[in-house]
Amino acid sequence: MYSIADRQELTKRDMVSLTIEAPQIARKIVPGQFVVVRVNETGERVPLTVAYKDVAAGTITIIFQVVGKSTAMLASLGVGDAIKDLCGPLGAPGTFDKVGTVVGIGGGSGIAVLHHLLLGHRDAGNRVLGIIGAREKDLLILVDEMLGVCDKLMITTDDGSWGMHGKVTDAFKALVERQVHVDLVIAVGPLVMMRSVTEMTRIYRIPTEVSLNPIMVDGTGMCGGCRCTVGGKTKFACVDGPHFDAFEVDFDELIKRNQMYGRDERTSLLTSITAQ
Ligand code: NAD
Ligand code: FES
């Protein structure tokens, strides 16, 4: 069993941060890797990326949005409660080379994943610029943490309630048009956002990495649930990724696959709420 050491509500819209006592995982995990959580004996396996770790305290912090029954169960846990199973670290570790200027672009809950990755790029000696966006001010997460890791941070909201009025891609375009030299872009967020970023960076010829979050079941390369096409070949995001060269990813196929279970997820959430 893994005890919850801290719980925070990050936004008014079901974004929760749980800090879990897991000293062995905290010691081993590197930015970009994830864990699979099972709340209880009958719970399904939920893959969640780790936003940060505290090796001294022996904890990891996961940040997630309540989208279905399992994430709702996880969000209902409080300090002192325990999670049945926690498996990790899983996924290929990210690579963090000194390349110069790295721009991290994060949308919505993807900002949690981006934050951990940018820590790795900063520690590798890079200049780190951040662009984070959400639909509105109340949905933005980890602003203080991103300010802590970025040399410069740009904020966007779709409704203009904080920072630049527009999407993260608008801020990125403004950055590039100011002739800022960029050596690497890391984009994490909704697939449509990562596809839009990639369409731009392809034109600007800036190497780009994305962190994919397809449907995952076992998280260990056995079920095929997380398959995606990268460079014309089938890859399993849980073992070959989740980080890939953005220019190689077939985003259209992945968007279609990820939409397949959206209705089921909403139904399971509604059923669990009705049953309470
Ligand atoms: P959202 O739809 O509110 O979008 C967040 C921001 O992304 C927007 O404010 C905008 O700036 C940008 N964006 C969205 N669509 C865009 C487009 N077409 N072009 C340019 N920019 C665009 O995001 P949300 O509701 O918080 O959803 C989060 C999504 O992120 C979910 O789909 C979730 O599956 C995904 N996610 C991905 C990862 C990952 O590892 N890739 C991790 C966590 C969450
Ligand atoms: Fe099963 Fe990746 S989640 S193969």
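Source: prediction; values computed, not measured. Counting starts at 1 for both ligands and their atoms, in listed order.
In summary, Lys235 and Asp240 do not engage in a salt bridge, as defined by a charged side-chain N under 4.0 Å from a carboxylate O.
For the pair Asp218 (side chain) and Gly221 (backbone), a donor-acceptor distance under 3.5 Å is present. Checked by atom type and distance alone, the side chain of Arg195 never pairs as donor or acceptor with a backbone atom of Thr198 at under 3.5 Å. The main-chain N or O of Ile206 is found under 3.5 Å from a side-chain atom of Thr208 such that the two form a donor-acceptor pair. For Asp183 (side chain) and Val102 (main-chain N/O), no donor-acceptor pair under 3.5 Å exists by modelled atom type.
For the residue pair Thr61 / Ser17, no side-chain donor-acceptor distance below 3.5 Å is found, with atom types taken as modelled. Under 3.5 Å, the side chains of Glu136 and Ser161 contain no donor-acceptor pair of N or O atoms. Counting only N and O atoms by type, the side chains of Thr229 and Glu253 include a donor and acceptor under 3.5 Å apart.
Proximity to Ala134 (heavy-atom distance under 4.0 Å) selects the following atoms of ligand 1: 9 (O). Close approach of ligand 2 to Val217 (heavy-atom distance below 4.0 Å) involves ligand atoms 3 (S). Taking every heavy atom of Cys226 and a limit of under 4.0 angstrom, the matching atoms of ligand 2 come to 2 (Fe), 3 (S), 4 (S). Those atoms of ligand 1 that come under 4.0 Å of a heavy atom in Gly110, given as number and element, are 42 (C), 43 (C), 44 (C). Close approach of ligand 2 to Gly219 is summarised as follows: ligand atoms under 4.0 Å from at least one heavy atom of the residue are 1 (Fe), 3 (S). Ligand-side atoms of ligand 1 in range of Arg135: 1 (P), 3 (O), 9 (O), 24 (P), 25 (O), range being under 4.0 angstrom from any heavy atom. The contact set between ligand 1 and Gly189, taken as ligand atoms under 4.0 Å from a residue heavy atom, comprises 30 (O), 35 (C), 36 (N), 37 (C), 41 (N). Near Thr169, with a cut-off below 4.0 Å to any heavy atom, the atoms of ligand 1 are 20 (C), 21 (N). Shown in contact with Ser109 at under 4.0 Å from a heavy atom are these atoms of ligand 1, numbered in order with element: 26 (O), 28 (C), 30 (O), 43 (C), 44 (C). Taking every non-hydrogen atom of Ser196 and a distance limit under 4.0 Å, the qualifying atoms of ligand 1 come out as 17 (C), 18 (N), 19 (N), 20 (C). The distance from ligand 1 to the heavy atoms of Gly107 drops below 4.0 Å at these ligand atoms: 5 (C), 6 (C), 7 (O). The Gly221 neighbourhood of ligand 2 comprises atoms 4 (S), with distances under 4.0 Å to a heavy atom of that residue.
For Thr49, the closest heavy-atom approach to ligand 1 does not fall below 4.0 Å.
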task = For side chain to side chain donor-acceptor pair (under 3.5 Å), just list the numbers for Ser70 and Glu44, CA-CA rounded to whole Å, side-chain angles, deciding distance to a tenth of an Å, and then say yes or no.
result = CA-CA 7 Å; Ser70 299; Glu44 65 178 344; 2.6 Å; yes

key: Phe96 and His121: CA distance, side-chain angles, deciding distance, ring pair (Phe, Tyr, Trp, His ring centres under 6.0 Å) verdict   = CA-CA 5 Å; Phe96 304 98; His121 286 289; 4.8 Å; yes

key: side chain to side chain contact (heavy atoms under 4.5 Å, CB included) assessment of Ile62 paired with Thr49   = CA-CA 6 Å; Ile62 51 173; Thr49 310; over 6 Å; no

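Here the straight-line distance linking atom CG of Leu175 with atom OG1 of Thr101 works out to 9.5 Å at 0.5 Å rounding.
Scanning all protein heavy atoms for the shortest distance to atom 4 (S) of ligand 2 gives Gly224 N, 3.1 Å. Closest to atom 42 (C) of ligand 1, if we only count protein heavy atoms, is Val113 CG2, 3.6 Å. The protein heavy-atom contact nearest to atom 9 (O) of ligand 1 is Asp158 OD1, 2.7 Å. Of the protein's non-hydrogen atoms, Gly108 CA, 3.1 Å is the one closest to atom 26 (O) of ligand 1. In terms of protein heavy-atom proximity, atom 15 (N) of ligand 1 is closest to Val192 CG2, 3.7 Å. Ranking protein heavy atoms by distance to atom 41 (N) of ligand 1, first place goes to Ser211 O, 2.5 Å. The protein heavy atom nearest to atom 23 (O) of ligand 1 is Pro190 CG, 3.4 Å.
By the 3.5 Å distance cut-off applied to N or O atoms, Lys167 is not counted among the residues near ligand 1.
Residue contacts with ligand 2, taken as heavy atom pairs separated by less than 4.0 Å, involve Met222 solely via the backbone atoms N, CA, C and O. Contact annotation: for Met194 versus ligand 1, heavy atoms closer than 4.0 Å belong to the side chain alone.
For atom 31 (C) of ligand 1, no protein heavy-atom neighbour is present inside the 4.0 Å cut-off.
When side chains are defined from C-beta on, Phe172 does not count as touching Met154, because their heavy atoms never get closer than 4.5 Å. In this structure, Leu18 and Val16 have side chains that are in contact, with non-hydrogen atoms separated by less than 4.5 Å. Two residues are said to be in side-chain contact when any heavy atoms from C-beta on lie closer than 4.5 Å; Val230 and Asp250 fail this criterion.
Taking 2.8 Å as the criterion, Cys238 does not count as a coordinating residue of atom 1 (Fe) of ligand 2, since none of its N, O or S atoms falls below it. None of the N, O or S atoms belonging to Cys223 lies under 2.8 Å away from atom 2 (Fe) of ligand 2.
Restricting Asp218 to its N, O or S atoms, the one at the least distance from atom 1 (Fe) of ligand 2 is OD1.
When Val168, Asn213, Ile215 are checked for heavy-atom proximity to atom 11 (O) of ligand 1, Val168 turns out nearest.
Each of Val217, Val37, Val36 was checked for a side-chain contact (heavy atoms from CB on, under 4.5 Å) with Pro47, and the lone residue meeting it is Val36.
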